[in-house]
Amino acid sequence: MAGVCTENNQAPNKLAFNLEVPFPSECLASIALNSLAPDREPRRGGITKELLVTGSVLTARWTADEARVLRVSVGSFLDHLSLVLETMEAFGPPAEQ
């Protein structure tokens, strides 16, 4: 949820957004992470994004100086995540090795 961060976890007056996406397996969460991680933020200043996998949950965390920049970054990420999920659904689970 977006909101003004407290002094406990971020700098004052920064906006933050956290998103947790559960997957059926840790393998699928890792595939999603590897598919989404190469996308760097187009603007170096004013926003940071962190992606990580814990178990079968992909977590994305943003902090930003401006609501507009945060909205654009999250929207772009959701578009890419949607494409990753559609691709996973179309091709099925990874083959066993």
Using the six-membered ring wherever Trp is involved, compare the ring planes of W62 and F77 and label them parallel, tilted or perpendicular (cut-offs 30° and 60°).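 W62 and F77: perpendicular rings.
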
Output the distance between atom [atom1] ([X]) and atom [atom2] ([Y]), rounded to the nearest 0.5 Å.
X   : Y   : atom1 : atom2 : answer
T63 : D65 : OG1   : CG    : 8.0 Å
E20 : L58 : CD    : CG    : 9.5 Å
S25 : I31 : OG    : CD1   : 7.0 Å

Least distance between heavy atoms, [X] atom then [Y] atom:
X   : Y   : result
E26 : G55 : CG-O, 3.0 Å
A29 : V57 : CB-N, 4.3 Å
M88 : L28 : CE-O, 3.2 Å
L51 : A60 : CD2-CB, 3.4 Å
S73 : I47 : CB-CD1, 3.4 Å

Listing request: all side chain to side chain donor-acceptor pair (under 3.5 Å) pairs with a residue in residues 81-95, at least two apart in sequence or in separate chains.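 Qualifying pairs, neighbours excluded: S82-E86.
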
Pairing residues for F23 by the ring-ring contact (aromatic ring centres under 6.0 Å, His included) criterion, not counting sequence neighbours: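 Applying ring-ring contact (aromatic ring centres under 6.0 Å, His included) to F23 gives none.
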
Could you work out, with side chain to side chain contact (heavy atoms under 4.5 Å, CB included) as the rule, every residue matching R61, not counting sequence neighbours?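 By the side chain to side chain contact (heavy atoms under 4.5 Å, CB included) rule, R61 matches N18, E50, L52, T59.
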
Could you walk me through whether L78 and L19 pass the side chain to side chain contact (heavy atoms under 4.5 Å, CB included) check? CA-CA 10 Å; L78 292 175; L19 176 68; 3.8 Å; yes

